[in-house]
Amino acid sequence: MPYSNKLLDHFNNPRNVGSLDKNAPDVGTGVVGAPECGDVMKLQIRVDESGVITDAKFKTFGCGSAIAASSLATEWLKGRTVDQATGLKNTAIAQELSLPPVKIHCSVLAEDAVKAAIADWKRKRGGNGEEDRKV
Amino acid sequence: MAVNLPIYLDNNATTRTDPRVLEAMLPYFCEDFGNAASRNHPFGWRAEAAVEKAREQVALALGASAKEIVFTSGATESDNLAIKGAAEMYKDKGRHIITCATEHKAVLDTCKYLEETGYTMTYLKPDRFGVVSAEQVAQAITDQTILITLMAANNEIGTIHPIAQIGQLAKARGIIFHTDATQAFCKIPLNVEQMGIDLLSLSGHKIYGPKGVGALYVRRRSPRVRLAIQMHGGGHENGRRSGTLNVPGVVGLGAAAQIGSAEMDAEGRRLGQLRDYLQRALEKELDHVVVNGHPTSRLPNTLNISFAYVEGESLMMKVKDIAVSSGSACTSASLEPSFVLKAIGVSDELAHGSIRFSLGRFTTQEEIDYAAEHVIRAVRQLRELSPLYETAREQGGNGEANLPPLPCKGRSEETERAKGF
């Protein structure tokens, strides 16, 4: 398998493995993929008041590329604003890890997981935001 | 005792050539290099003598006679010659062929080709252990059936078919019976007379012989099986398969067959014990593991096992010092999980997490200890990473991750999307 050193590094030393409290108001959770397809990614972000992602965690069931892609995604998310994170493209992940063509879908899945996590956070914030304003 | 890394546990894919086999082959490259078809000088005579000795050796290992052995380039060619050759030769008797869903692609793709040219196929569905029964075969027979082709043992899961029963049935009904014995040859006893086999494919490189050489057993009496020629040319192998013989390869195949059949009983016991030891170690230390294939009627060297909540390719990457195979989609060119596991009812999720360990003549206890230890550690590490394992534990470990069933995303489409960037 012609995997890059960067990919192998993320696979062998995955960053930010774990879970955040999915019920916390400042946490967004994205779960994408399906077990029967061979890959499921759970990616979570914690966002502060100013819209900056202060923490990101992942758990992934999948091939080496899927694990590396989600690890890389969490690394990139930390310290970025939600707006910046929204612009994260699968191609950037694919390039960074030098994914072979048959593994491009792993980077697509990572992008989808990020988007799903942001959407979840936004949904929660929508509710909380109004309550905040009432206070 | 220290182990040499990497460890080879992929002997159903291919085997290391036995040094005794190599030694037997060596004189036929630079010294006795003649063409076995050269009738007029000693170079040819010596090559021919070596080929005929190998033919005896292969025949003996099958309970056949030497004239019934046709040398080929390997089991894929043997399967093609047997199936297409019989289909074409007996097409006036009928055009129906019986096989099963878990055959090797060399058989399945040949059958699909025949289907396109006007033959009718029955692909029998094996049970959950991978077994096709003689009763199933009997029910599928019609007055148009000319050929039954069923593998002796499966390459992925090691399940052994009741070949003797099916052979007797075929005999009683006057139908030609071919078996692809690529994986079974020299692992379990095979006797073409006792088992009623009319055609049998085998390969050199699965039995510690060289690659690129194989053989087809073709019954000569009761009944005499005739095959339409698939390789036209100089009339080699009594016109059954033209092409200059690969003399060193044929010599190697003969030597490998002789050694393999002589050592089969003792080696089968040794490998069975080592394989069972590995299986027990994995089952003892890990929860949610499922052995694929038949629990007992299985090749002694084969262990196909699924580790739930873990994907096979990532597991192989974690244990990169251990050479194994996986039924995961991520390891196949088609990006589909193993069709064999699918055919025996293994879920796609478990197929993705399947690993095939296939032990061999050079496998040691130390290697198995190493493999068990490292696989157990890797599965635990990957499960710590797995959201499915987390969900399963939260739900009390009932084994079913509570995720919505979604269709798999079209991967080729995604690849296109990325290319277009």
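Excluded from the calculations below are hydrogen atoms, water molecules and symmetry mates; all remaining heavy atoms, backbone and side chain alike, are included.
- Residue-level contacts of residues 5-18 of chain A with chain B, in order of numbering, are A/Leu7, A/Leu8, A/Phe11, A/Asn12, A/Pro14, A/Val17; threshold 4.5 Å between heavy atoms.
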Compile the donor-acceptor pairs under 3.5 Å between side chains in residues 375-382 of chain B and protein atoms, sequence neighbours left out, one pair per line.
unit_1: B/Arg377; atom_1: NH2; unit_2: B/Glu373; atom_2: OE2; d: 2.9
unit_1: B/Arg380; atom_1: NH2; unit_2: B/Glu285; atom_2: O; d: 3.0
unit_1: B/Arg380; atom_1: NH2; unit_2: B/Glu285; atom_2: OE1; d: 3.1

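- Interface remark: of the candidates B/Gly312, B/Ser328, B/Gly353, B/Ser314, B/Ser314 forms the most heavy-atom pairs closer than 4.5 Å to chain A.
- The distance from atom CD of B/Glu366 to atom CG of B/Asn4, rounded to the nearest 0.5 Å, is 11.0 Å.
- Every side-chain hydrogen bond (donor to acceptor under 3.5 Å, both in side chains) that B/Asn301 has, sequence neighbours left out, goes to B/Asn12.
- Note on B/Arg383 versus B/Asp287: salt bridge recorded, some NZ/NE/NH1/NH2 to OD/OE distance being below 4.0 Å.
- Under the 4.0 Å criterion applied to side-chain N and carboxylate O atoms, A/Lys42 and B/Glu390 are assigned as salt-bridge partners.
- Every residue was checked against the ring-ring contact (aromatic ring centres under 6.0 Å, His included) condition with B/Phe357, not counting sequence neighbours, and none meets it.
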